[in-house]
Every structure is written in structure tokens, then in C-alpha cells.
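Convention: sequence-line order gives letters A, B, ...; per-chain numbering from 1.
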Amino acid sequence: MISETSSSSNFIRHIISQDIKDNKHNGKVITRFPPEPNGYLHIGHAKSICLNFGMAIEYKGSCNLRFDDTNPEKESIEFMHSIEQDIAWLGFNWSYKYHSSDYFEQLFEYAIELIKQGNAYVDSLSAEQIREYRGTLTEAGKESPDRNRSIEENLSLFAAMRQGEFTDGHYVLRAKIDMASPNINMRDPALYRIKRVHHQRTGDDWCIYPMYDFTHCISDAIEGITHSLCTLEFEIHRPLYDWVLEKLQTTTQPQQIEFARLQLEYTVVSKRKLAQLVNENFVNGWDDPRMPTIAGLRRAGYTPASIRDFCERIGITKKDSWIEMGVLENCIREDLNDNAHRAMAVLHPLRIVIENYPNDQEEILEVSNHPQKPELGTRKIPFSQVILIEKDDFAENPPAKYKRLVEGGEVRLRSAYVIKCNKIIKTEDGKIIELRCSYDANTLGKKPEGRKVKGVIHWVSEHHAVNAEIRLYDRLFTIANPESKDDFLTVVNPDSLQTLTHCKVEASLGNAKASQRFQFERTGYFCVDAVDSKADKLVFNRTVTLRDTWS
RNA sequence: UGGGCUAUCGCCAAGCGGUAAGGCACGGGGUUUUGAUCUCCGCAUACCCAGGUUCGAAUCCUGGUAGCCCAGCCA
């Protein structure tokens, strides 16, 4: 279970702390995470999950998972499964799992209660008419001719609605509030609609389904939720939330509190847009490592702890804000820097023959898995006459301050010897295909005598290295706010994925397990792709690069 | 121009009448067999603007300005 150490507070903690002090809700804290099962969870949901479960943990309360499944047209069991999996992966345990549909019968009874009070009525206006009658932001709406239908008639009509005696959309149950309210949500909002759609859980039991505004507050009350945390766009619904509970005199009165939703630079989070990226093949599925979905982040190699850390760092406020990508990246770097084992992988191999190293010799070097953490153990790395280094780590015409290998220069092979480049071998058309070097046998684990060697580069033994495919991912969009474009697809980054199929990784990586994470020294953090990597065909995804203060 | 909400460093964010925390980013020094990590230092006389109250205001009052949200039988 996750324990929370909070660095700075936020307004929701203030409210909850005060409520506990006042013994409101008998000092209890019960929250809920209420996703609609109509899509995959994304990083924005992670913020809400961390908040709701986090408050419950911090205040020794509880948090329910509640599927808000009142619109069967868009929802499915598959989405429920993925949502549960993602929450569990993030490290949270719900106290109870509920569905709004569990309450359909009670909701129906509550609706009848409202009708009996004279606070709801069955309306025969069409959707278009209701829109016209609603008025505008600056003009009051006008009352429906059905508004003063008798309670008895409303009761029998509503019962008939449930019995399936009317076609879809023929009637709607509405709250009777105030058609002149400056808050449009209070202008007799719809409570129930007729919709003959098979529900994933209740099957064909119902042909009328309750609306969000009616369902959510009552569901909260039924579960004894104390603090109903939701995003800012529901703020304007709060008077309705409170109205319903007040009229119904529910035994508990949950308090709705709104916070600003997460906006992350270089990403898009709307379901429609995410679906478009998948359907039009800009990415390879909902769990593509470039997607801001939890599944995508997981496949990219993000850890649950790093995402929780991110959610804690960005804070909770009511202010619209944009979080820079660097914050998320910093969180995963910090985690992986501490915990990922180091390894060597050559992405763009360049062959080196060490001429003074016996060609039939082979050494097994014992190398630390983490330079600062000996407790993470060691691994064995073979060294031999022919090795592979990164193309970039040799320069025929080096830029200023270049400290890797140059002709006639020396460089340290990480965890091995210092070598000197004696000769460049080129093809007829001038391409460098090989380097002839010599090594200083007296530099294994010790500094070379009489000179300083600044550069350190990674390498693998050609004969022992394992083939791997490495996928280099970059941000999916070329501008910070893709939503600001009329067509966000025009700002998709064409270079967001670079697939390298001829990489060579050190032998120890041959038995890496699915999803295992590593730091490939000097190049970044990578994880074994959970879907495509096979024993005979390793695939690594780049989670994030190392910080680079040089280029 | 109806109503609701918001405004503190490039990006986040504490602060709740006693004289601007922290993180990310950025700049610079040190350590280093990863140009990584680690470490040290620097980074808002100032809190959207203008008045006012107060010994004292980012915090209270008044008046502005800007941004976001609401007219689904979506959530």
C-alpha cells in the first residue's frame, strides 16, 4: 500500500482537515473515483485517481471505484477491465467496486419521490424544442406546456416510460426548478431519457436511463461519500447536485469539490482525438508508448511510482494550468536513475578491431549494475578483440570540446580498457566501416599512466552481443498545445518513432524479462516491450533519454 | 454584454495580516570510468492593475483588467 509524504498542501486537504476538526461526516473521509467505462484511462485520470485514493489513504478513510455507467451507448465491459487494471497498476486498492447501474432501482424510486413532491415532471417536448425553450446565456428560458402536469399523471406517465410504452425520445423526465435561472443547468434539467439500448450490465431490463446529474449525487449519497472530488467543468452543476440531495433528504450529504483538470504540454487527451490517432494509424494502438494513456505510459516504461510522484508534484488547485513535459520526464528519470540496472547497448554500431589484443582471447569483466549502489550487484560482460561502439562516439572531424574517440586519440571503454584509434578503414566511396585501435593493457580498473583520458564510451563485444530492435520514441506533437489547432493531426510529429532494427546489446540482456527496465549507459532509459519482444527477437522501448547538457 | 470560477518567478506551487517555501526549467562551480548521477551556488524589494484600511497587506475592502467554464434527452 502506498504511504504518502506530502511536501506542500492544497485547498482540498485544507477542507478535509477542517471537516475532520469540525467532526463533519463523523470525522470520516470517503472518496470515490467515478470513471465512465467508455475509454482508456489517461494521465489526466491518474491525477484524479491519485487525489481520490490519496486523500483516503492520508486521512485513513476509504475510496470506492464506481463505474458511472448510465449511458450504455458508449460503454463496455472491456473498458471496465482496462480501467481496473490501470488503477491496480498505479498501486491503488478500492474499498468497494460499484456501478451506478447498481442503483437503477433506487434511482427510479427517488425519481418517483421527486415527482410526488411536485419537483419533477414528464415532458413531451422534443429535444429541439427543449433547446429552444431553454433560452440563452443572456435570456431566460420559457416553461414547457407540460410543466404543470398533475402529479398523478406524471406518475403514471413515468411508470409507462419505464414499461416501454413510448418510443425513444418521446418523453423525458425533468426536474422542476427555474426556467429563468442564470445558471442554465438549473433550467429544468433532464433527469431520465428513454433509450432502448442494451446495457452491458443490466441487459434489457431498462429502456429509460438516468442522467449524470441525477445519478452522480445520489450514488455519492448512497455510498456515504463525504468529499466528491471532480473537475472544474462540474462546478456549475454543483447547485443541481445540492438541489437533488436537498429535495430527496438523503441520509448523507456529500460535498462536491472541484479542482482543475490536468493539461500536459505536447499531448492531447480527448477521447475523440485519442481514438482518431489510433484509428488513423498515427500510433499503434491505445497502449502505444507515445499515447498519454496509462497503458501507453506503462508500455513506454513509466513506473507507477513515477506517475504518482508526478501527480503529487503538479499540485491540486482551481487554476487552469499547463504542465511542461519536463516535469513528467524528470519524475521517471529520478525513479529509474535510482532503481534501473545499467547495461550497454549500441544503437548504431561501428566496428573496432583491437589489433594488439589476442584474437583468440576473451575476458569476462565483472561490472557493477549501478555505479552508486553496489547492493544492486554485478553482471559479467565479455571483452574480446572485436567490439562495437556507437557511430557517434567517433568523429573524423570532431567539433570543439569533443571528448570521445578521434583518430590518434584515446578514449575509455566503459568498465574496460583505454583504447587508441590508429587507423580508419573506409569503403571506396568514403564511408567509415571500421576502426583499427590498440589497447593499453594496464588500464583495466586503473587510470592510464602519464596522461588523462577524458572520454568514456560504451561498447559491446561483437561476437557476444545480442541483436535487438530498439524503438526511439519522441513527443507525439510538434507544438505544446495541439488542441489549439483547427486540425490537431497537422501537428503530429512525423519523427515521433524511430525504429532501429540492427542494434547490438550486451549479452546479459539476452534473458531480460518483459517490461524489465534498464538504463542503457549514456543513451537513456529503456524497457523490454511487453507486447513485441520475444526471446529470439528482443525489442526495447526508449522511455526517456538521459539528461543531456552537452548538445 | 446572464451566471460561475481563476489570477504569486519561464512552467507548476506554498502562503490564510508580521515582512515571498519547494519542485521543474535555466545559469555557474566541484566530484565522477555514463558529457548521467551527486553536490554547492545563483535565480520574484515582489504577488494581474489602480485606489483604500492598517504600525504592517500577496493576504482585508473598493473598483477595474484578463483567462477559463455553462445553452447534450454526454459524463
Side-chain angles (χ1 to χ4, degrees), chain A residues 7-10 14 34-36 38 68-71 73-75 123 125-128 130-132 134-141 168-174 180-187 189-195 208-209 211-213 215-216 230-239 258 260 265 271 312-331 333-334 337-338 342 344 370-372 401-404 411-418 443 445-447 453-458 480 519-524 545-551:
Chain A
S7 45
S8 75
S9 197
N10 62 53
H14 286 305
E36 182 184 15
N38 70 342
D68 215 338
D69 56 350
T70 59
N71 188 0
E73 258 164 356
K74 304 178 178 175
E75 300 154 4
D123 198 353
L125 251 32
S126 68
E128 299 71 47
I130 285 180
R131 194 182 318 129
E132 284 161 22
R134 189 153 31 223
T136 69
L137 294 177
T138 52
E139 300 161 44
D168 287 12
H170 187 77
Y171 281 117
V172 63
L173 181 74
R174 292 229 257 169
S181 172
N183 179 349
I184 290 190
N185 294 288
M186 299 297 271
R187 319 242 260 231
L191 265 22
Y192 267 89
R193 73 280 217 189
I194 302 172
K195 193 181 272 219
I208 58 172
Y209 292 100
M211 301 288 290
Y212 166 84
D213 284 307
T215 307
H216 204 86
C230 64
T231 44
L232 244 30
E233 66 269 26
F234 293 102
E235 194 157 35
I236 195 102
H237 294 247
R238 192 170 69 229
E258 311 83 11
E265 289 186 347
K271 251 154 226 166
E312 182 60 36
R313 289 191 200 199
I314 59 176
I316 299 291
T317 64
K318 299 188 68 148
K319 182 172 86 171
D320 285 310
S321 58
W322 282 89
I323 309 296
E324 293 175 343
M325 253 307 178
V327 180
L328 216 209
E329 292 173 345
N330 178 69
C331 290
R333 283 196 187 106
E334 243 178 53
N337 176 55
D338 278 352
R342 313 282 115 131
M344 291 200 279
H370 189 120
Q372 283 84 32
K401 293 189 178 172
Y402 187 81
K403 58 184 218 191
R404 285 112 85 178
V411 78
R412 159 77 66 183
L413 292 178
R414 173 71 162 151
S415 301
Y417 300 96
V418 168
T443 53
K446 52 179 95 151
K447 295 204 189 320
V453 173
K454 271 192 294 183
V456 180
I457 64 173
H458 59 278
Q519 183 199 92
F520 289 169
E521 294 206 61
R522 307 206 312 127
T523 98
T545 60
L546 252 32
R547 258 179 91 236
D548 184 357
T549 50
W550 188 68
S551 61

Practice task
Give a yes/no answer on whether the side chain of Thr317(A) brings an N or O atom under 4.0 Å of OP1 or OP2 in A13(B).
Solution key: yes
Problem - Between C5(B) and U45(B) - P atom distance, rounded Å - result: 32 Å
Handout entry: Closest non-hydrogen atom pair, Asn183(A) against Pro239(A)
Key = ND2-CG, 3.6 Å
Problem - Spacing of the P atoms in U37(B) and G27(B) (rounded, Å) - result: 13 Å
Completion exercise
Sorted by chain and residue number, the side chain to side chain donor-acceptor pair (under 3.5 Å) partners of Lys446(A) (sequence neighbours excluded) come out as Asn442(A)
Practice task
Using salt bridge (Lys or Arg N to Asp or Glu O under 4.0 Å) as the criterion, list what pairs up with Lys318(A), not counting sequence neighbours.
Solution key: Glu235(A), Glu258(A)
Practice task
Take atom C1' in G52(B) and the same atom in U39(B), then report the distance between them in whole Å.
Solution key: 49 Å
Review item, nucleotides 69-75 of chain B N/O atoms under 3.5 Å of protein N/O:
from   : atom 1 : to        : atom 2 : distance (Å)
A71(B) : O3'    : Arg134(A) : NH2    : 3.3
A71(B) : O2'    : Arg134(A) : NE     : 3.0
G72(B) : OP2    : Arg134(A) : NH2    : 2.9
C73(B) : OP1    : Arg134(A) : NH2    : 3.4
C73(B) : OP2    : Arg134(A) : NH1    : 3.1
C73(B) : N3     : Gly169(A) : O      : 3.4
C73(B) : N4     : Leu125(A) : O      : 3.0
C73(B) : N4     : Ala127(A) : N      : 3.0
C73(B) : N4     : Gly169(A) : O      : 3.1
C74(B) : OP2    : Arg193(A) : NE     : 3.0
C74(B) : OP2    : Arg193(A) : NH2    : 2.9
C74(B) : OP2    : Lys195(A) : NZ     : 3.2
C74(B) : O3'    : Arg193(A) : NH2    : 3.2
C74(B) : O2'    : Asn71(A)  : ND2    : 3.0
C74(B) : O2'    : Lys74(A)  : NZ     : 3.2
A75(B) : OP1    : Thr70(A)  : OG1    : 2.6
A75(B) : OP1    : Arg193(A) : NH1    : 3.3
A75(B) : OP1    : Arg193(A) : NH2    : 2.9
A75(B) : OP2    : Tyr212(A) : N      : 2.9
A75(B) : O3'    : Asp68(A)  : OD2    : 3.1
A75(B) : N6     : His237(A) : NE2    : 3.2

Completion exercise
Protein heavy-atom contacts under 4.0 Å, written 5' to 3' over nucleotides 33-42 of chain B as B (base), S (sugar-phosphate only) or - (none), form the string BBBBB-----
Handout entry: Residue list, side-chain contact (heavy atoms from CB on, under 4.5 Å) with Ile130(A), at least two apart or on another chain
Key = Asp123(A), Leu125(A), Arg134(A), Val172(A), Arg174(A)
Practice task
Sequence neighbours left out, what passes side-chain contact (heavy atoms from CB on, under 4.5 Å) with Asp213(A)? Give chain and number order.
Solution key: His237(A), Leu240(A)
Pairs: protein N or O with nucleotides 7-11 of chain B N or O, under 3.5 Å:
from   : atom 1 : to        : atom 2 : distance (Å)
U8(B)  : OP2    : Lys319(A) : NZ     : 2.6
G10(B) : N2     : Glu324(A) : OE1    : 3.3
C11(B) : O4'    : Glu324(A) : OE2    : 2.8
C11(B) : O3'    : Trp322(A) : O      : 3.2
C11(B) : O2'    : Trp322(A) : O      : 2.8

Practice task
Output all residues satisfying side chain to side chain donor-acceptor pair (under 3.5 Å) with Asn71(A), sequence neighbours left out; order by chain, then residue number.
Solution key: Lys195(A)
Problem - Any-strand Watson-Crick or G-U partner of C48(B), both distances under 3.5 Å - result: G64(B)
Handout entry: Pairing residues for Lys271(A) by the side chain to side chain donor-acceptor pair (under 3.5 Å) criterion, not counting sequence neighbours
Key = Asn38(A)
Practice task
Would you please name every residue forming a ring-ring contact (aromatic ring centres under 6.0 Å, His included) with His14(A), sequence neighbours left out?
Solution key: none
Exercise for the section: Could you list the residues that satisfy side chain to side chain donor-acceptor pair (under 3.5 Å) with Ser126(A), not counting sequence neighbours? Expected result: Glu128(A), Gln129(A)
Problem - Pairing residues for Asp168(A) by the side-chain contact (heavy atoms from CB on, under 4.5 Å) criterion, not counting sequence neighbours - result: Ile194(A), Arg196(A)
